[in-house]
Amino acid sequence: MSHFDEMTCLLYLEGQLDADHADGVRTHAAGCAECRGLLRALQTESVWLRESLEADDESVPARLVQAPEHGGAPWGWISALGLSAGGAYTLWSGFIEPWQAQAAQAGFTQGNLLTMLFFSGAFWKGWDAMRSLMEFLAVGTLGLVVMWLLRRHLRRTTALAVVMGALALMVALPPSAGAAERRTGDPNYSLPAGEVVHTDLIVYADSTRIDGDVEGDLIAFSRNVTVNGHIKGDIIAFSQELRVNGPVDGNVRAFVQNLQLYGTVTRNVLAWAGDVNLDQDARVNGTLTAGSGHLEMNGKLAGDLLAFTGDADINGQLGRNASIRAGHLTIGSKAEISGQATAQLRRPPDVSTGAKLGSPLDWTITKSGPETRYSSARYYVHHVLRWGASFLFGLVLLFVVPGFFFDAVKACGKTAPAIGFGILFLFAIPIAAIIVCITVVGLGVGISAMMFWAIAIYAAQVLVGAWLGEKILGEGAGAGAALGRLALGLAILRALGMLPFLGGWISFVVVIWGIGAVALAIYKNMRPQLAAAAVAV
Amino acid sequence: MSTAELADLLAQVRAGDSDAWGDLYGQYAPAIFRFCRRALPTREDAEDATTEIFMKVRQKLGMYDSSRPFTAWLYKVASNHCWDTLRRRRIRQDLETGDLETLPLEHPDPSQLEQLQMDHDSKHVRAGLAKLPDRARMALVLRYYSEMSYDEIADTLGVRRAFVGVLLLRARHQLRDVLAESGGGLQGAVARGRS
Ligand SMILES: [Zn+2]
């Protein structure tokens, strides 16, 4: 007779067989040593499992001694806000202030740099550009969806490497050519005419003047940068003013308050600036991308123009198409646009009759006044699209990193710590990233941190939305439930964001809240590794 | 605590007495924490879950049917909460490892199985459990720690009752494999062919 299988033996031991079946096993086992052996082994395994599970070698953690109160104690709020205020103060007094003092000593006037970086020029006037950044992120999300669909063909680390690589390429920093000369101003730096730097040149100074030639890239952190010499690589400048007179064989990438271009740039110009000014002698052979408060374009541009700007004043030659989003656009009598020009404006453009346009300017008005804004269908379509983009982003997060997604959504429930951490991180990351850029670790890390920060800002609404959805519909299980809640929460957040005046503040709080939740979730996931690292040390 | 005392305490909690709530919590929180510690992969998760379970208990106390044992109800709430927590995180793995369920199991050799049990103490077993897939670990904990019936396990894990035995047997196999791999005296899997 054939033996019983392990499944039947287990069900027999667990009392799950009907009487006839159980009798069959009992009778067989009485005469079969092999089945008896198996039954005994399974029986001892059950005992062993019970004993192992019952064994109690861990105490109940201290934080569980107190019974949770309904709605939570106000102490949670108070201590978290206190902690975050303390943290912010520590960060300020221990890190930023000394660093700022050092910067002042190195030639930056006190407060000047931070003011310049955060509260002037590009940062505030460039809100349009910020919005387009959001749209870029939506496109990036689509890319991630594709990555996800291809995930079976790519190992996860590879996928991540590809994404990070693509992001790095987007930022388009050329790989530094091994050697680079570093120069620190005292407080000013100047490269005399006739001198040649054969590698990249990195300058930290109050005022920088380049009369000689640079064969690699010129990377400058400085208040004023004037370039008269020949730059064979790119110019990357973080400064208040950048004035380029000499020829540049590569690209110009400027994160500055004021960019003035008088010479020839062989490749592209990317400017994130308060004012961008291309003189009538200036010539750019590639494209010009500008996020700025004011754009004045009097020179020659061979490639496309893409501008997000407060005002645009065009009185030069454009070899190809122009796409402009601006408050106001003026096209002067000397302007020549060979391709198609499209513009989204707040006011009708002023187009001189002398201007030569390849085809008529295609312009639309984007209303911003509250009374007209809400009655425009476009406005709602735009919001629906933005809702879709954020939902898509949430979808990707949910499927690529579900553990992180749910941890972060859950962390949103810890409102006070999340908001506290959020305030800290919203300001700390860019400051830290800039410090990293300027000091030892280097641009790559700093810019990656900024990218991460931008993504976290975008993710914030998604996480808070998912949390809000759960609050309303209750917790669900599985991806479908989470997606439904996400969709609802995001729709509500978007509707709230459309409220006049209050909407902006609500969106701001959502960003802080969500970033804090991201920080909490990351901390939670890092904790075992941190502990392990501590043990290893 | 006697049944009458417990009924009294529960009535006070329902009436909103926060001291009574503290007593109830003090009485049952350690057991629920230990349950969560076994059901969830990390200590932090178990701590969070314990707090959340008691928040739920306080909300849902009105739904508790006092003709049935309180601890059974409590474990039911706890196991549902832990399983939901795990399931919410597990979406991705579900998509990718769904096929494993149909692999045939090798038959064990009783003497090697007994050797394996002797080689591993409770700490090893608990560490091994933490490495199991969520559903396998959950099934073992519900059955051999919470002493739930097959019906209750089926209900909690959302599977057919007839599948519970399969789930438990597979979980045992996975645990044996994990422990055999992690060392002790045994080399290789505890299995032999059998016709
Ligand atoms: Zn037999």
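As a basis for the values below, the full set of heavy atoms in this structure was taken, side chains included, without hydrogen atoms, waters or symmetry mates. Protein chains get the first letters and strands the later ones, always in sequence-line order, with residue 1 at the start of each.
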Stepwise side-chain contact (heavy atoms from CB on, under 4.5 Å) test for A/Lys414 and B/Asp48: CA-CA 12 Å; A/Lys414 299 173 184 168; B/Asp48 287 353; 4.2 Å; yes
Trace of the side-chain contact (heavy atoms from CB on, under 4.5 Å) decision for B/Arg172 with A/Ser46: CA-CA 9 Å; B/Arg172 285 181 180 222; A/Ser46 299; 2.5 Å; yes
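Distance check: A/Leu38 CG to B/Asp109 CG gives 9.5 Å after rounding to the nearest 0.5 Å. In this structure, B/Leu113 CG and A/Glu6 CD are separated by 7.5 Å, a value rounded to the nearest 0.5 Å. Considering CG of A/Leu42 and CG of B/Leu169, their distance stands at 7.5 Å, rounded to 0.5 Å.
At a 4.5 Å heavy-atom cutoff, the contact between B/Phe33 and chain A is made by side-chain atoms alone. For A/Leu39, no part lies under 4.5 angstrom from a heavy atom of chain B. In this structure, the portion of B/Leu129 lying under 4.5 Å from any heavy atom of chain A is its side chain and not its backbone.
The two residues A/Trp48 and B/His120 come nearest to each other via the heavy atoms NE1-O, 3.2 Å. When all heavy atoms are compared, the tightest approach of B/Gly165 to A/Leu10 is O-CD2, 4.2 Å. Nearest heavy-atom pair, B/Arg143 versus A/Arg50, reported as atom, atom and distance to 0.1 Å: O-NH2, 4.2 Å. For B/Tyr144 against A/Leu53, the heavy-atom pair with the smallest separation is CB-CD1, 3.8 Å.
There is a side-chain donor-acceptor pair under 3.5 Å between B/Gln117 and A/Thr44. Checked by atom type, the side-chain pair B/Arg38/A/Ser52 shows no donor-acceptor distance below 3.5 Å.
At a threshold of 4.0 Å, the pair B/Arg34-A/Glu54 does not count as salt-bridged, since none of the basic side-chain nitrogens sits closer than that to a carboxylate oxygen. With salt bridges taken as basic N to acidic carboxylate O contacts below 4.0 Å, one links B/Arg176 and A/Glu45.
Side-chain contact check for A/Glu51 versus B/Val125: every heavy-atom pair is 4.5 Å or farther apart. Using a 4.5 Å heavy-atom cutoff, the side chains of B/Arg170 and A/Met7 are not in contact. Residues B/Tyr150 and A/Gln16 are in side-chain contact: their nearest non-hydrogen atoms beyond the backbone lie under 4.5 Å apart.
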